[in-house]
Amino acid sequence: MKALVTGGAGFIGGHIAEAFVGDGHDVVVLDNFEPYYHTGIKEHTVERCRALAEDSAGSYELAEGDVRDAAFVDSLVADVDVIYHQAAQAGVRTSVEQPRTVTEINVNGTLNVFEAARAADVERVVMASSSSVYGKPQYLPYDEEHPNEPVSPYGVSKLATEHYARVYHEVYGLPTVSLRYFTVYGPRMRPNMAISNFVSRCLHGEPPVVYGDGTQTRDFTYVDDILWANRELLTTDVADGEAVNLGSTDRIEIKTLAEEVRDQLAPDLEIEYGERNEADAEHTHSDISKANELLGYEPTTSIREGVSRFIDWYRENEDWYDPLVRAS
Ligand SMILES: NC(=O)c1ccc[n+]([C@@H]2O[C@H](COP(=O)([O-])OP(=O)(O)OC[C@H]3O[C@@H](n4cnc5c(N)ncnc54)[C@H](O)[C@@H]3O)[C@@H](O)[C@H]2O)c1
């Protein structure tokens with residue numbers, strides 16, 4: 001198959017692109033190398049995919065550009081079978097500072113992708129959504145019927161794109177799926193997230209900083225589990241028109257996570273506490289029964305195992321990754 005992966009130089013899109021090239025598909029990546037964290041991490045991902053393509057039946061092409069450029073998006077979508085739309089301004093806190101930019105990239109950019117996909121009759125658009133569409137929990141775990149009251153411009157933008165996805169499916173018959181990712185982590189992850197931050201600081205003998213009292217809880221989902229679901233959607237239409245949670249096996253308090261990382265890397269350090277950001281969700285916890293019923297989704301990586309794997313990967317890649325994390 002020929003797949004367009006928008007945001008494919010980024011963390012999750014990079015894993016999708018790499019996996020598809022390895023599986024023998026032809027992959028085109030659209031990415032503008034948005035510099036809100038160090039673009040060296042994205043360049044590393046692109047190089048990895050290019051090298052893989054040399055020994056694979058699949059191919060890899062990087063198309064540097066912006067999802068806000070409708071003509072550019074049209075030109076790339078014209079001959080692809082499927083689209084994995086990951087490009088977005090992904091940070092909740094950035095969205096609070098720049099709500100207009102977030103809307104332009106996340107909402108208008110997504111509309112460009114849907115319009116191009118409709119014109120080109122693509123087989124499916126799989127879109128990265130987020131647990132941020134839920135907002136304050138009325139009950140936990142969140143199932144897909146839980147009310148949507150996002151507490152950040154980022155959450156609003158993702159909810160808007162989900163509605164577009166549903167409407168493009170209902171009105172135009174375009175197969176679309178929205179995947180509500182719950183905090184994803186793993187190799188080459190964004191530097192400005194809790195796990196990469198804690199690991200980096202501990203390795204440098206600096207205490208991990210927890211924002212708030214640390215009793216906030218998160219589903220941390222290992223990227224391989226997210227990848228598994230995206231791969232399934234290459235060949236099945238069971239989730240077309242749906243929004244589906246993709247979370248992990250369990251949830252963990254942020255302070256417990258910080259302690260876990262600290263205990264593995266620098267047991268003598270005391271955890272530090274900083275001011276909580278209002279736009280950050282208090283708790284996220286996903287009910288994954290819909291993904292399980294539709295796709296057979298069963299995340300296999302527990303948080304403790306995933307954190308250990310991430311720390312091992314971080315140590316093996318410390319020479320190039322750590323300086324870029326520090327510089328972000
Ligand atoms: N990582 C998570 O925990 C998480 C959780 C929920 C949802 N998501 C969603 O998953 C997707 C991927 O997230 P990620 O963690 O890999 O983030 P990321 O920032 O690593 O990847 C996003 C990529 O999109 C690119 N991009 C940004 N604006 C663009 C534009 N205007 N035109 C073209 N490319 C652009 C960036 O350069 C980047 O490479 C995003 O849509 C994000 O909102 C991520």
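Atoms within a ligand are numbered from 1 in the order they appear, just like the ligands themselves. In this chain, numbering begins with 1 at the start of the sequence shown.
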Asks: Examine G13 against ligand 1 and note whether any of their N/O atoms are separated by less than 3.5 Å.
Replies: no
Asks: Contact between ligand 1 and A9 is defined here as a heavy atom of the residue under 4.0 Å from a ligand atom; is it met?
Replies: yes
Asks: Is it the side chain (CB and beyond), the backbone, both or neither of Y36 that lies under 4.0 Å from ligand 1, heavy atoms counted?
Replies: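 It is the side chain that touches ligand 1; the backbone stays farther off.
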Asks: Give a yes/no verdict on whether any heavy atom in G14 is under 4.0 Å from an atom of ligand 1.
Replies: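 Outside the 4.0 Å threshold, so no.
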Asks: With distance as the sole criterion, is a donor-acceptor pair present between the side chains of Y134 and R180 under 3.5 Å?
Replies: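 The criterion, which ignores hydrogens and geometry beyond distance, is satisfied for R180 and Y134.
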Asks: Kindly say whether the aromatic ring centers of F114 and Y164 come within a distance under 6.0 Å.
Replies: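 Not close enough - the centres of the two rings lie 6.0 Å or further apart.
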Asks: Below 3.5 Å, N or O to N or O, backbone or side chain included: is there any such pair between M193 and ligand 1?
Replies: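 Between M193 and ligand 1 (N or O atoms, distance only) the closest approach is not under 3.5 Å.
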Asks: Could you verify whether a donor N or O on one side chain and an acceptor N or O on the other, from E115 and Y168, lie under 3.5 Å apart?
Replies: yes
Asks: So is Y185 touching ligand 1 or not, going by heavy atoms under 4.0 Å?
Replies: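 Flag not set, Y185 not near ligand 1.
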Asks: When you compare ligand 1 with E34, is there at least one nitrogen or oxygen pair between them that comes in under 3.5 angstrom?
Replies: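 N/O-N/O distance under 3.5 Å: yes.
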Asks: Scan side-chain atoms only and decide if D26 and S59 contain a donor-acceptor pair under the 3.5 Å cut-off.
Replies: yes
Asks: What I want to check is whether the side chains of E162 and S178 have a donor and an acceptor closer together than 3.5 Å.
Replies: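 No, because no side-chain N or O of E162 sits under 3.5 Å from a partner of the opposite role on S178.
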